[in-house]
There are 2 protein chains.
Amino acid sequence: MQSFRSPIGLELSQTARVVSRAFDDALDQAGGSLPVWLILLNLKIRRPGNQRELAEAVGVREATLTHHLNALDARGLITRRRDAVNRRIHVVELTQAGEEAFLRMREAALAFDRRLNDGLTDADRDNLTGLLHRLAANVGAAENDSPPWAGLAEPPPKPGRRPTAAPGTGAAE
Amino acid sequence: MQSFRSPIGLELSQTARVVSRAFDDALDQAGGSLPVWLILLNLKIRRPGNQRELAEAVGVREATLTHHLNALDARGLITRRRDAVNRRIHVVELTQAGEEAFLRMREAALAFDRRLNDGLTDADRDNLTGLLHRLAANVGAAENDSPPWAGLAEPPPKPGRRPTAAPGTGAAE
DNA sequence: GTCGAACCATTTGACGTCTAATCATTAGAT
DNA sequence: ATCTAATGATTAGACGTCAAATGGTTCGAC
């Protein structure tokens, strides 16, 4: 029962910026950032058929994705080659260095997610998610129906993947 | 009770982006954007002593504020002049055109806030605000203690201000 | 076969944001 | 008085993002 409320959109914006900046700081130690982490993650767990799918999964436009892929290519973390059967498609793949960078970033992302969730119950999370979805729906957003956040967990050294965990940790922009 | 949860930081980020874009679209019709609206709003209701205060209230750095002030100056919505007693300070003031732009943007912002809050109770809003603050606290954010969102309401033609309402409508970045 | 439409990716040009460096002014110390 | 430090604002350079235009490639109709 607070008499004066800040506009909820502003609260959302400010919180998202603060959390996003903290996430970028955390990933910076591992040589990454939010979009870079999401690119590597999506290359690893799903197998995007083309860059359009990858861009959508990451949440950026194709032009922006190309930008990041150029940088990742220059750093030697990915390779791009034309698909033999459909030469319009650029097949993006992680290099060995890319795999290693992915593992480092996963550590940082998981640690951040634990920190962010400190003191929150499952009910709190469901509650928050529900409210956020209602806001998105109120401004006419199409629900992103693809939740590929499964099948990836802690084991960094061996690629033995266990079924359940919370891997893709993200932050706001 | 959903078995697979997207990381809460990612949910926050995506919702904030969607809502923010919708807000910018809404304000674009009135010739504005989120930072421009916040600048005019803060010039109108508080009386920032210097640009540092104004930048902090808007949520951008001083350099970014200068950027926007240049644009607003070029559009004839504000004026800047040196304070006579402390010539380091640029006194920023709304022109007549600036006042009119402020009123147009306020209409758009209030309409957006109504749309965003559709179907939400006061309890929902308090609930959401509380959860957002907990997330911000978990990543070590300093609570922004200045809530100047009061004393500004619907009456666009006459400056007779009523005590209670929700004026400053914001969105995410 | 050829040609137009659709598709995939990149390039171009713009904007908003940030950090770091710079310029001007004021305050404080001596 | 002068000098140094602090303060207020701007500029310079960089990055991430987007929309629109461009270059190749494939598909389908004819």
Side-chain angles (χ1 to χ4, degrees), chain A residues 13-14 16-18 20-25 27-28 31-39 48-75 78-93 170-173, chain B residues 13-14 16-18 20-25 27-28 31-39 48-75 78-93 170-173:
Chain A
S13 168
Q14 290 171 343
R17 179 167 39 193
V18 165
S20 176
R21 188 167 297 264
F23 183 75
D24 273 336
D25 286 348
L27 241 64
D28 186 58
S33 65
L34 173 58
V36 164
W37 158 242
L38 291 178
I39 288 169
N50 55 43
Q51 291 189 17
R52 178 168 179 70
E53 287 181 21
L54 179 55
E56 182 163 6
V58 172
V60 297
R61 300 297 175 183
E62 284 187 68
T64 305
L65 178 61
T66 295
H67 196 70
H68 288 298
L69 292 182
N70 286 342
L72 291 174
D73 202 340
R75 288 172 59 187
I78 63 162
T79 58
R80 279 178 291 186
R81 56 178 175 78
R82 290 286 178 180
D83 186 313
V85 313
N86 185 347
R87 295 190 49 74
R88 286 176 297 192
I89 295 180
H90 261 174
V91 178
V92 182
E93 283 170 334
E173 173 201 351
Chain B
S13 169
Q14 290 171 343
R17 179 166 37 196
V18 165
S20 176
R21 190 168 295 264
F23 183 75
D24 273 336
D25 286 348
L27 241 64
D28 186 58
S33 65
L34 174 57
V36 164
W37 158 241
L38 290 179
I39 288 169
N50 55 43
Q51 291 189 16
R52 178 170 180 70
E53 287 181 22
L54 179 55
E56 182 163 7
V58 172
V60 298
R61 300 295 177 185
E62 284 188 66
T64 305
L65 178 62
T66 295
H67 196 69
H68 289 298
L69 292 182
N70 287 342
L72 291 174
D73 203 341
R75 289 172 58 186
I78 63 163
T79 59
R80 280 178 291 186
R81 55 179 176 76
R82 291 286 178 180
D83 186 312
V85 314
N86 185 346
R87 296 190 48 76
R88 287 175 298 191
I89 296 180
H90 262 175
V91 178
V92 182
E93 283 170 334
E173 171 208 350

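Just so it is clear: chains get the letters A, B, ... in the order the sequence lines come, proteins before strands, and each one is counted from 1. Because the structure is predicted, anything quoted here is derived from the model rather than measured.
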Pairs of donor and acceptor atoms involving the side chains of residues 58-72 of chain A, under 3.5 Å and at least two apart or interchain, shall be tabulated with distances.
unit_1  : atom_1 : unit_2  : atom_2 : d
A:Thr66 : OG1    : A:Glu62 : O      : 3.2
A:Asn70 : OD1    : A:Arg80 : NH1    : 3.4
A:Asn70 : OD1    : A:Arg80 : NH2    : 2.8
A:Asn70 : ND2    : A:Thr66 : O      : 3.4

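Rounded to an integer number of Å, the gap from A:Arg61 CZ to D:dC15 P is 23 Å. Going from atom CZ of A:Arg81 over to atom C1' of D:dG24 covers 18 Å, rounded to whole Å. In this structure, the CG atom of B:Asp24 is 15 Å from the P atom of C:dC15, given to the nearest Å. A straight line from CG of A:Leu72 to C1' of D:dC15 spans 14 Å, rounded to a whole angstrom. Residue B:Asp83 contributes atom CG, which lies 12 Å from atom C1' of C:dT25 at whole-angstrom precision. Computed from coordinates, the A:Asp28 CG to D:dC15 C1' distance equals 13 Å when rounded to whole Å. Rounded to an integer number of Å, the gap from CG of B:Asp25 to C1' of D:dC18 is 12 Å. The distance between atom CZ of B:Arg17 and atom P of D:dG16, rounded to the nearest whole Å, is 15 Å.
Between B:Ser33 and B:Asp24 the shortest side-chain heavy-atom distance falls below 4.5 Å.
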Exercise for the section: Going 5' to 3' through nucleotides 7-12 of chain D, assign each nucleotide B (protein heavy atom under 4.0 Å from a base atom), S (under 4.0 Å only from sugar-phosphate atoms) or - (no protein heavy atom that close). Expected result: BSBBB-
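At a cut-off of 3.5 Å, with distance as the only test, a side-chain donor of A:His90 or A:Arg82 sits close to an acceptor on the other residue.
Under 4.0 angstrom from either OP1 or OP2 of C:dC8 there lies no side-chain N or O belonging to A:Arg87.
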Please enumerate all protein N or O atoms sitting under 3.5 Å from an N or O of nucleotides 2-5 of chain C, with distances to 0.1 Å.
none

